[in-house]
Amino acid sequence: DAMVIQNPRYQVTQFGKPVTLSCSQTLNHNVMYWYQQKSSQAPKLLFHYYDKDFNNEADTPDNFQSRRPNTSFCFLDIRSPGLGDAAMYLCATSRAKGGAAYNEQFFGPGTRLTVL
Amino acid sequence: SQQGEEDPQALSIQEGENATMNCSYKTSINNLQWYRQNSGRGLVHLILIRSNEREKHSGRLRVTLDTSKKSSSLLITASRAADTASYFCATDLREGYNKLIFGAGTRLAVHP
């Protein structure tokens, strides 16, 4: 089945130690998103890629970076994790073509990040 | 800033009862979507309603949209224990490709 896959599902890192979360998709969607979701809160968009075009949200800290080497894969890099970065990180995809939006987003299961 | 505000924050009902969740938003939208999230999992898309639509149905789900009041409601009829989850509304502000802004969600508990 076509899907969005996130690895690992659980990640533990130390304060200040760089960490990378990965997302892959078999849907061949051209838009990929990264969200941060803290406990009992709304998912908050960090950034997204429209094909290779990177779009950063204005309030996303510089500590968060992303890479999209090809259509299928997208990575979230946290350069120096702080205790406040402990959260669920959700990857999502959607398909957009020629100005017509197929608006549903497809989410992966998330990676829960713990910072010690 | 958060676009959607949902109420109630938490809802507890018995199986077979209907559950109604409300969402209010601040700015004009292209469409509004509802998503479901089981504990510790990703979100699953339930239903989308466009700004020129007033009501939409999907199985046991009914969504209404009132653009004059900038509000939407999600009704789940004949609820089941398996409906226990958090429900989020998300507003999509423009055409082209979607960039969703999520509300804080309603935590629904359906008791057998």
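Keep in mind that the numbers below use all heavy atoms, side chains included, and drop hydrogens, waters and symmetry copies. Throughout, protein chains are lettered first and strands after them, A, B, ... in sequence-line order, and every chain is numbered starting at 1.
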Mind running side chain to side chain contact (heavy atoms under 4.5 Å, CB included) on B:Gln37 and A:Leu90 for me, showing each step along the way? CA-CA 12 Å; B:Gln37 184 178 35; A:Leu90 297 164; 4.3 Å; yes
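Between the NE2 atom in B:His45 and the OG atom in A:Ser94 there is a gap of 11.0 Å [rounded to 0.5 Å]. Atom CD1 in B:Ile47 sits 11.5 Å away from atom CD in A:Glu104 (nearest 0.5 Å). Interatomic distance, CZ of A:Arg112 versus CZ of B:Arg41, reported as 11.5 Å (0.5 Å rounding). The CZ atom of B:Phe88 lies 5.0 Å from the CD atom of A:Gln37; values are rounded to the nearest 0.5 Å. Between the CD atom of B:Gln9 and the OG atom of A:Ser40 there is a distance of 9.5 Å, given to the nearest 0.5 Å.
Residue A:Leu76 shares its hydrophobic cluster (ILVMFWY side chains chained together at separations under 4.5 Å) with A:Phe15, A:Val19, A:Leu21, A:Trp34, A:Leu46, A:Phe47, A:Tyr49, A:Phe54, A:Phe64, A:Ile78, A:Leu83, A:Tyr89, A:Leu113, A:Val115.
No continuous path of ILVMFWY side-chain contacts below 4.5 Å connects A:Leu45 to A:Met32, so the two sit in separate hydrophobic clusters. In this structure, B:Leu46 is a member of the same hydrophobic cluster as B:Ile13, with clusters built from ILVMFWY side-chain heavy atoms closer than 4.5 Å. By the criterion of side-chain heavy atoms lying less than 4.5 angstrom apart, applied directly or through intervening Ile, Leu, Val, Met, Phe, Trp or Tyr residues, B:Leu11 is grouped together with B:Leu61 in one hydrophobic cluster. A continuous path of Ile, Leu, Val, Met, Phe, Trp and Tyr side chains, each step under 4.5 Å between heavy atoms, connects B:Leu65 with B:Ile101, placing both in one hydrophobic cluster.
The local environment of CZ in A:Arg9 is crowded, with over 12 non-hydrogen atoms from other residues, nucleotides or ligands closer than 6.0 Å.
Using a 4.5 Å cut-off between heavy atoms, A:Tyr35 touches chain B through its side chain atoms alone.
Taking each heavy atom of B:Gly103 and A:Ala42 in turn, the nearest pair found is O-CB, 2.9 Å. Taking each heavy atom of A:Phe107 and B:Leu43 in turn, the nearest pair found is CB-O, 3.2 Å.
No side-chain donor from either of A:Gln105 and B:Gln33 sits under 3.5 Å from a side-chain acceptor of the other.
For residues 60-71 of chain B, the set of pairs meeting the side chain to side chain donor-acceptor pair (under 3.5 Å) definition, not counting sequence neighbours, comprises B:Arg54-B:Thr67, B:Glu55-B:Arg62, B:Arg60-B:Asp83, B:Thr64-B:Ser73, B:Asp66-B:Ser68.
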